[in-house]
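Written below as structure tokens is the structure these notes are about.
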Amino acid sequence: MRAIEVGLRFLVEQGVRYVFGIPAGSINAIYDALLDIPELTPIVAKHENSSGYMAGAYTRITGMPSICVASSGPGATNLVTPAANAWKQKLPVIFITGSVPSSKLGMGGAQELYAEPIFASITKMSRTVLDPQQLPEILAEAYHTAISGVPGPVHLAIPIDVQMTDIGERALPALAAVTAVPFDAAGAAAAAGRIRAAGDRGAILLGSGAKAAGASVVALAERLGWRVATTPRGKGGFPEDHPLSLGVYGLSAHPQASEVLNGSGHDVLLIVGSTLGELATSNWEPRLVEGRTLIQIDYDAAELGKVYDVHFPVLGDVRDVIPALLEQLPPVSGAAAWQELAAARAEAAAATVLEPLATGSGEAEAWNTRAAIRRLSEIAPGNARFSLDIGEFMTYSIQNLLIEQGQSFDIDINFGGMGSGIGSALGAQLAEPERPTICVTGDGCFFMHGMEVLTAKEYDLPIVFVVINNARLGMVYHGHMLQYKRCLDDFSQARTSIAGVAQALGLRYAEVSSLAQLEAQHMQAWLGSGGPVVVEVIVDGNDIPPMGERVKFLQGATY
């Protein structure tokens with residue numbers, strides 16, 4: 001049996017089900033082996049970069065590692081960006097790149113590249129495998145490294161001859177004991193004590209890591225009666241139609257979230273699953289933490305106290321920590337307290353988080369990006385997953401997509417690769433095939449990775465790709481206008497028909513240029529069509545998007 005086949009069969013035994021990537025000479029042995037391993041399904045993308053985003057989204061949603069493969073040379077360098085994204089998100093994706101034959105290393109073979117050091121700083125393990133007898137065990141070690149402790153991506157560069165060497169019949173490697181994330185019970189107890197002492201003078205900020213806790217986060221907020229804001233990546237971790245919801249804090253913040261979290265109405269700030277970076281904290285706004293007792297929960301010890309001095313750090317998986325806190329926190333003031341609080345705050349919360357759509361001179365609602373996003377929120381199914389891309393429309397979506405209980409919101413905003421939302425949508429649909437996926441992207445992102453809509457067609461993935469087409473790099477344009485009061489004409493372009501591109505690819509498509517063309521029956525038809533649909537939303541894009549905090553950060557930067 002070939003060395004690579006033994007290694008792949010080990011991964012199948014662990015539950016790995018998908019191989020994302022593009023076939024090429026130095027990894028052809030992998031794709032040939034897949035013919036004999038039906039448990040592993042190849043997803044052949046249109047670009048290696050996109051395949052990495054697919055693998056990352058699938059792994060993030062299912063918790064199951066996936067494999068992402070690329071050729072040596074340009075294929076490997078095309079995986080660097082999604083590998084860095086997986087590193088930022090702590091996703092256990094197994095990246096495999098090919099290499100020229102081991103006997104020819106250093107001789108200038110086609111597409112030769114020493115990839116090991118390139119991936120070293122953005123993976124938990126990066127290694128070149130030169131002994132075919134050791135390949136299965138090294139793959140087992142890589143898998144173990146990816147999932148143990150704080151998870152993260154790994155990388156192996158495997159020369160084509162090493163992949164192809166017959167190493168005979170042999171038992172699959174054994175998986176070493178997986179190291180679990182430790183749980184600081186004493187830290188949780190101390191935090192619970194401080195929370196009890198705070199009474200109703202506390203607030204909660206949820207990052208993306210809090211999403212793993214599910215309903216227990218809602219139960220904790222209701223037990224305490226504390227208001228809840230999320231970071232942009234944490235959006236969806238708490239239902240935004242809940243009376244305790246403040247919406248989003250940070251980039252494109254809801255005004256109520258900024259007012260409350262920067263205000264003086266609470267003494268304790270409970271931070272769950274956030275790295276507290278620039279976009280999560282409104283450029284590290286001092287008022288967020290001034291005069292507060294900070295409690296921070298995270299499964300990565302490196303994140304505790306990294307940005308702010310934390311008085312009560314709690315190390316542990318939120319799925320363990322939040323239930324432990326609930327056990328130690330009695331209701332604030334009896335069973336009726338929550339119901340009274342909900343009734344008192346529901347109207348105010350709705351009025352602030354759910355701002356009405358702007359209207360024109362008459363009764364008709366104005367047509368712009370914000371209106372389109374708000375209407376999209378209104379007509380989305382109750383179990384929809386939104387996969388967001390990076391751009392001007394993103395800022396409107398953070399503010400105006402109302403994520404209710406049962407819905408999800410995904411965005412790779414920390415690393416912020418344009419086009420990441422397109423590939424991520426495919427990975428999400430594969431992870432949860434029964435759930436409707438709506439990708440919100442822009443024309444700039446589409447020009448980078450839009451051909452993955454054809455991948456969605458080839459694998460019959462019923463994704464609705466909503467492409468906001470304003471015929472410019474909107475976030476760059478408005479950022480320059482706000483910061484420098486001028487910009488190059490090159491940031492805009494003659495409008496390209498994205499619906500026309502979809503038509504040429506043989507996909508279902510729609511052109512939308514008014515709210516009347518974006519109603520519930522349209523969404524139902526798109527989602528029920530049995531395959532991907534490209535919905536081009538045509539807007540002028542002249543309104544200034546809610547990106548002021550990002551501009552302030554850039555204005556204060558020194559180069």
Original post:
If you take all heavy atoms of Leu527 and Pro381, which pair is closest and at what distance?
Top reply: CD1-CG, 3.3 Å
Subject >> Short side-chain donor-acceptor distance under 3.5 Å, Arg17 and Ser66 >> reply: no
Subject >> Leu11 and Leu139: CA distance, side-chain angles, deciding distance, side chain to side chain contact (heavy atoms under 4.5 Å, CB included) verdict >> reply: CA-CA 8 Å; Leu11 296 175; Leu139 258 175; 4.1 Å; yes
Original post:
Has the side chain of His242 got a donor or acceptor atom that lies under 3.5 Å from a matching backbone atom of Pro239?
Top reply: no
Original post:
Between atom OH of Tyr53 and atom CD1 of Ile422, what is the distance when rounded to the nearest 0.5 Å?
Top reply: 11.0 Å
Original post:
Got Leu79 and Cys68 here, is their nearest side-chain heavy-atom distance under 4.5 Å?
Top reply: yes
Original post:
In this structure, which one of Thr293, Leu220, Ile295 forms a side-chain contact (heavy atoms from CB on, under 4.5 Å) with Ile195?
Top reply: Ile295
**OP:** Check Leu288 against Tyr249 and note the closest heavy-atom contact, atom names and distance.
**Re:** CB-OH, 3.7 Å
Original post:
Just how far is it from atom OH of Tyr143 to atom CD1 of Ile67, taken to the nearest 0.5 Å?
Top reply: 10.0 Å
**OP:** Run the salt-bridge test on Arg375 and Glu378 with the 4.0 Å N-O cut-off and return the result as yes or no.
**Re:** yes
Original post:
Counting only N and O atoms by type, is there a donor-acceptor contact under 3.5 Å from the side chain of Thr59 to the main-chain atoms of Met64?
Top reply: yes
**OP:** Could you walk me through whether Leu401 and Leu388 pass side chain to side chain contact (heavy atoms under 4.5 Å, CB included), step by step?
**Re:** CA-CA 11 Å; Leu401 282 177; Leu388 263 290; 3.9 Å; yes
**OP:** Nearest 0.5 Å please: distance from the CG atom of Leu518 over to the CG atom of Leu376.
**Re:** 6.0 Å
Original post:
Leu270 versus Ile297: any side-chain heavy-atom pair under 4.5 Å?
Top reply: yes
Original post:
What pair of heavy atoms forms the shortest contact from His311 to Leu294, and how long is it?
Top reply: ND1-N, 2.9 Å
**OP:** Could you please spell out the steps behind the side-chain hydrogen bond (donor to acceptor under 3.5 Å, both in side chains) verdict for Asp241 and Gln405?
**Re:** CA-CA 8 Å; Asp241 55 346; Gln405 185 75 41; over 6 Å; no
Subject >> Contacts of Ala213 that satisfy side chain to side chain contact (heavy atoms under 4.5 Å, CB included) - sequence neighbours left out >> reply: Ser216, Val217, Val318, Ile322
Subject >> Student check: side-chain heavy atoms of Val539 and Ile468 closer than 4.5 Å >> reply: yes
Original post:
Which heavy atom of Ala174 sits nearest a heavy atom of Phe10, and at what distance?
Top reply: C-CE1, 4.4 Å
Subject >> Salt-bridge present (Arg292, Asp267; N to O < 4.0 Å) >> reply: no
Original post:
Gln524: what forms a side chain to side chain contact (heavy atoms under 4.5 Å, CB included) with it, not counting sequence neighbours?
Top reply: Ala520
Subject >> Worked verdict on His449 versus Asn49 for side chain to side chain contact (heavy atoms under 4.5 Å, CB included) >> reply: CA-CA 9 Å; His449 292 287; Asn49 195 282; 3.5 Å; yes
Subject >> Stepwise side-chain hydrogen bond (donor to acceptor under 3.5 Å, both in side chains) check, Thr123 with His155 >> reply: CA-CA 7 Å; Thr123 57; His155 165 253; 5.9 Å; no
**OP:** Would you check if the side chain of Gln296 reaches a backbone N or O of Gly305 as a donor-acceptor pair within less than 3.5 Å?
**Re:** yes
**OP:** Return yes if some donor-acceptor pair links the side-chain N/O of Glu240 with the main-chain N/O of Gly236 below 3.5 Å, else return no.
**Re:** no
Original post:
Is the side chain of Lys124 donor-acceptor paired with the backbone N or O of Ala142 at a distance under 3.5 Å, no angle test?
Top reply: no
Subject >> Test side-chain hydrogen bond (donor to acceptor under 3.5 Å, both in side chains) applied to Gln89 and Arg233, step by step >> reply: CA-CA 10 Å; Gln89 293 196 38; Arg233 275 199 68 212; 3.2 Å; yes
Original post:
For the residue pair Pro92 and Pro151, what are the closest heavy atoms and their distance?
Top reply: CD-CB, 4.0 Å
Original post:
Do the side chain of Thr395 and the main chain of Glu392 share a donor and acceptor less than 3.5 angstrom apart?
Top reply: yes
Subject >> Any side-chain heavy-atom pair of Trp284 and Tyr308 under 4.5 Å >> reply: yes
Original post:
Does the side chain of Glu452 pick up a donor-acceptor pair with the side chain of Ser50 at under 3.5 Å?
Top reply: yes
**OP:** Keeping the roles fixed (side chain from His254, backbone from Val248), state whether a donor-acceptor pair exists under 3.5 Å.
**Re:** yes
**OP:** Kindly indicate whether the side chain of Ser245, heavy atoms from C-beta on, has any atom under 4.5 Å from the side chain of Val228.
**Re:** no
**OP:** Please say whether the positively charged group of Lys235, taken as NZ for Lys or CZ for Arg, lies over the ring of Phe409, i.e. under 6.0 angstrom from the six-membered ring centre and within 45 degrees of the axis.
**Re:** yes
Original post:
Just by modelled atom types, is the Gly199 backbone N or O under 3.5 Å from a matching donor or acceptor in the Trp226 side chain?
Top reply: yes
Original post:
Is there side-chain contact between Ser377 and Asn400, with heavy atoms separated by less than 4.5 Å?
Top reply: no
Subject >> Heavy-atom side-chain proximity of Leu206 to Lys211 below 4.5 angstrom >> reply: no
**OP:** With rounding to the nearest 0.5 Å, note down the distance linking CD in Gln407 to CG in Asn383.
**Re:** 8.0 Å
**OP:** Give a yes or no on whether Arg319 atom CZ has more than 12 heavy-atom contacts from other residues, nucleotides or ligands under 6.0 Å away.
**Re:** no
**OP:** To the nearest 0.5 angstrom, please state how far the CG atom of Asn262 sits from the CD atom of Glu285.
**Re:** 4.5 Å
Original post:
Is there a donor-acceptor pair under 3.5 Å between the side chain of Gln328 and the backbone N or O of Ala324?
Top reply: yes
**OP:** Please lay out, stage by stage, how Glu303 and Thr275 fare under the test side-chain hydrogen bond (donor to acceptor under 3.5 Å, both in side chains).
**Re:** CA-CA 6 Å; Glu303 302 295 350; Thr275 59; 4.9 Å; no
**OP:** Begin from the C-alpha positions of Ser420 and Asn85 and carry the test side chain to side chain contact (heavy atoms under 4.5 Å, CB included) through to its verdict.
**Re:** CA-CA 9 Å; Ser420 58; Asn85 185 69; 5.7 Å; no
Original post:
Where is the tightest heavy-atom contact between Tyr396 and Ile373, given as atom of each residue plus distance?
Top reply: O-CG2, 4.0 Å
Original post:
Is a side-chain donor or acceptor of Asp389 paired with a backbone partner of Gly421 at a separation under 3.5 angstrom?
Top reply: yes
Original post:
When rounded to the nearest 0.5 angstrom, what distance separates CZ in Arg385 from OG in Ser424?
Top reply: 10.5 Å
Subject >> Close side-chain approach of Pro182 to Leu315, heavy-atom, < 4.5 Å >> reply: yes
